[in-house]
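Shown next, in structure tokens, is the structure this report addresses.
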Amino acid sequence: MVGLALALVGASPSEAQAPGAGSGTEPSGTTVPDPDGSRQVIVGNDSGSTVAVVSVNGLIDPILANLMTQSITAAEDADAVALVFQVDLDGSVIPDDELVALVNRMADATVPVDIWIGPTGSHLEGKAAYLIFGADRLGMSPGTDLSSLSTPMNLRLTTGPNDQVLPQLQGSAATRVEAATIGAPGEERRIPAEEARTLGITERDAPTIGDFIVNLPGVETRETTVGEETRLEPVTQVVFSQLSLLDSFMHTAASPAVAYLLLTIGLVLLVFELFTAGVGVAGGIGAIAVVLGCYGMAVLPTTWWGLLAIALSMIAFAVDVQTGIPRVWTGVGLVLFVIGSVTVYDGVSMSWLTIAVGLIGVALTFTIGMPSMVRTRFSTPTIGREWMIGETGRAITDIAPDGVVQIREAKWRAFTSRATPIDQLDKVRVVSVEGLVLEVEPDTGAGSDDHERRPSGDAPEPTAAD
């Protein structure tokens with residue numbers, strides 16, 4: 001019990017108590033009257049036994065696989081009556097040989113390892129469905145479903161240097177697996193709880209975890225009657241457990257949607273920080289988000305071209321951030337980002353809503369938000385660019401009054417304070433620097449005295465003609 005208590009989070013037996021599933025078997029034991037007048041039948045006489053319940057959800061990644069393996073060892077050390085995995089799993093991202101090792105560890109455990117799919121709305125999908133090979137019993141809550149065992153691996157999940165194979169099952173376990181092997185090879189379909197019961201994949205209805213536990217062999221129960229309602233409740237202590245706070249955080253970071261959004265947000269913040277003075281809060285948060293996003297991408301099956309497209313999209317966005325105006329490179333960045341978002345994962349799905357959130361957020365950031373933020377941050381004269389005052393270059397676009405100029409092979413956003421606009425390819429001279437924006441004037445015939453008579457950035461005095 002000490003080993004199990006250290007590994008699992010304790011819970012009172014009442015947390016697993018629920019109305020019985022109506023097994024149809026008459027319990028034996030000693031009849032004891034309750035103070036409130038209800039009748040209790042105590043089955044068994046050892047109240048020190050334990051059932052361990054471990055909640056697992058999401059994708060089977062290294063963290064979740066480690067939790068399941070450690071839970072089996074802890075249950076064995078504590079000599080538990082049973083270990084129940086309460087699952088809501090979307091698949092597996094660990095290597096096939098590690099998945100086979102986990103299934104065999106379940107099958108070879110000295111304590112019964114059972115699976116309950118619940119609560120309502122839960123699933124056991126993809127390669128995670130192969131966990132039923134290692135389970136002694138399987139229960140499903142109404143409104144849940146199980147993937148058929150017709151993935152490309154079918155029943156020949158063999159891999160690794162030791163040629164590990166799934167356990168050879170007999171009796172009810174073999175019948176359960178055979179019933180779940182429906183559909184054409186490679187064609188996965190979902191088996192709802194009602195169909196699973198009809199096919200014999202599950203033995204009885206189990207709407208709640210309590211209904212599932214009270215029907216497990218070795219679990220001590222009591223029959224309680226209050227009024228006209230009779231139900232079975234476990235006498236055996238039930239101990240609940242789940243991932244620790246840190247492991248839960250890292251497990252969440254390795255989910256497809258979270259890893260994608262973390263990487264996107266982190267890269268956007270780093271691009272923003274690149275064009276601002278110093279390393280501030282945005283840069284620190286961006287670095288942390290990129291690290292967590294990279295961790296998630298490393299755990300999940302990804303494509304190199306999808307990651308490359310996302311990285312190149314940020315470089316393209318940065319080109320236009322340099323000029324301060326969304327132009328062609330912003331469009332190139334958006335196209336690359338869409339390609340990367342759609343193709344970044346190989347074998348795991350990500351909802352279109354998540355992709356839409358990422359795309360819309362990036363588009364708004366680099367077309368509206370980023371230029372505005374950069375201009376605001378550099379609204380005061382920038383230290384270190386005084387050398388540009390007096391430099392000459394050419395107008396890349398018409399400046400009337402805003403446009404783009406090229407100074408020493410670099411493109412800059414520029415404006416002119418002259419009433420006469422500057423035509424494309426005309427020579428210009430820099431008269432002041434305001435953040436990332438240059439004030440320019442025509443180089444030919446530019447009045448230097450006029451520039452000296454007014455402060456940099458001020459508009460010319462109105463004339464009578466105005």
Side-chain angles (χ1 to χ4, degrees), residues 52 54-76 82-117 123-138 146-191 196 201 243 247 251 254-256 298-302 345-349:
V54 181
S55 177
V56 291
N57 57 77
L59 294 167
I60 301 178
D61 59 6
I63 292 177
L64 213 57
N66 184 58
L67 170 69
M68 297 176 73
T69 302
Q70 289 183 347
S71 298
I72 295 173
T73 301
E76 290 176 330
L83 169 63
V84 179
F85 287 120
Q86 178 180 337
V87 304
D88 181 11
L89 294 170
D90 301 321
S92 171
V93 294
I94 60 177
D96 290 346
D97 58 337
E98 295 182 16
L99 178 60
V100 173
L102 175 60
V103 171
N104 281 289
R105 181 69 181 92
M106 293 170 59
D108 297 338
T110 58
V111 300
V113 179
D114 308 298
I115 291 176
W116 180 68
I117 307 173
H123 313 279
L124 184 59
E125 298 183 347
K127 293 182 180 180
Y130 280 86
L131 292 179
I132 70 174
F133 271 87
D136 283 69
R137 283 171 177 76
L138 176 68
L146 164 74
S147 287
S148 63
L149 302 179
S150 301
T151 63
M153 290 187 302
N154 202 6
L155 297 180
R156 302 177 180 84
L157 189 57
T158 61
T159 184
N162 299 324
D163 194 31
Q164 288 182 305
V165 296
L166 290 168
Q168 298 297 319
L169 304 176
Q170 297 179 352
S172 61
T175 302
R176 179 183 68 237
V177 170
E178 183 179 358
T181 311
I182 58 178
E187 181 182 341
E188 184 179 293
R189 57 161 290 195
R190 291 184 176 182
I191 306 172
I201 299 175
L243 287 171
D247 286 343
H251 176 62
S255 61
V299 171
L300 298 167
T302 55
Y345 290 124
D346 180 19
V348 295
S349 60

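Keep in mind that what you see is a predicted model, and the values were worked out from it rather than measured. Scope of the values below: all heavy atoms of this structure, side chains included, with no hydrogens, waters or symmetry mates.
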Shortest non-hydrogen contact from I60 to A128? CD1-CB, 3.8 Å
Working to the nearest 0.5 angstrom, can you tell me the gap between S147 OG and R190 CZ? 6.5 Å
Note: A75 and V111 closest approach over all heavy atoms is O-CG1, 3.8 Å
R189 CZ to S148 OG distance, which is reported to the nearest 0.5 Å: 6.5 Å
Any chance you could lay out the side-chain contact (heavy atoms from CB on, under 4.5 Å) test for N66 and D247, step after step, and finish with the verdict? CA-CA 10 Å; N66 184 58; D247 286 343; 5.8 Å; no
Closest non-hydrogen contact found for V113 with F85 is CG1-CE1, 3.5 Å
Quick one: CG on L89 to CG on L64, what's the gap to the nearest 0.5 Å? 6.5 Å
So, do M68 and V54 sit near enough that their side-chain heavy atoms are less than 4.5 Å apart? no
Backbone N or O of T69 within a donor-acceptor pair of the T73 side chain at under 3.5 Å? yes
Nearest 0.5 angstrom please: N104 CG to D97 CG, how far? 11.5 Å
Would you give the length of the straight line joining atom OG of S255 to atom CG of L300, rounded to the nearest 0.5 angstrom? 7.5 Å
To check you understand the geometry: which heavy-atom pair defines the closest contact between A65 and L102, and what is its length? O-CD1, 4.3 Å
Nearest heavy atoms of A196 and I191, plus distance in Å: N-CG2, 3.8 Å
Could you check if a side-chain atom of V299 sits within less than 4.5 angstrom of a side-chain atom of I63, using non-hydrogen atoms only? no
Is it the case that the side chains of D61 and H251 hold a donor-acceptor pair, with the cut-off being a distance below 3.5 Å and no angle test? yes
Rounded to the nearest 0.5 Å, what's the gap from CG on D114 to CG on L83? Could you check? 8.0 Å
Considering only heavy atoms from C-beta outward, does the side chain of F133 approach that of V100 to under 4.5 Å? no
Going through the distances and angles, do H123 and D88 end up as a side-chain contact (heavy atoms from CB on, under 4.5 Å)? CA-CA 5 Å; H123 313 279; D88 181 11; 4.0 Å; yes
Check I201, L131, V87 against L138 for a side chain to side chain contact (heavy atoms under 4.5 Å, CB included) and give me the one that passes. I201
Heavy atoms only: give me the nearest L59-P256 pair and the separation to one decimal. CD1-CD, 3.7 Å
Non-neighbouring partners of S349 that pass side-chain contact (heavy atoms from CB on, under 4.5 Å), sequence neighbours left out: none
Using the side chain to side chain contact (heavy atoms under 4.5 Å, CB included) rule, pick out the option among I94, D96, V93 that qualifies with K127. D96
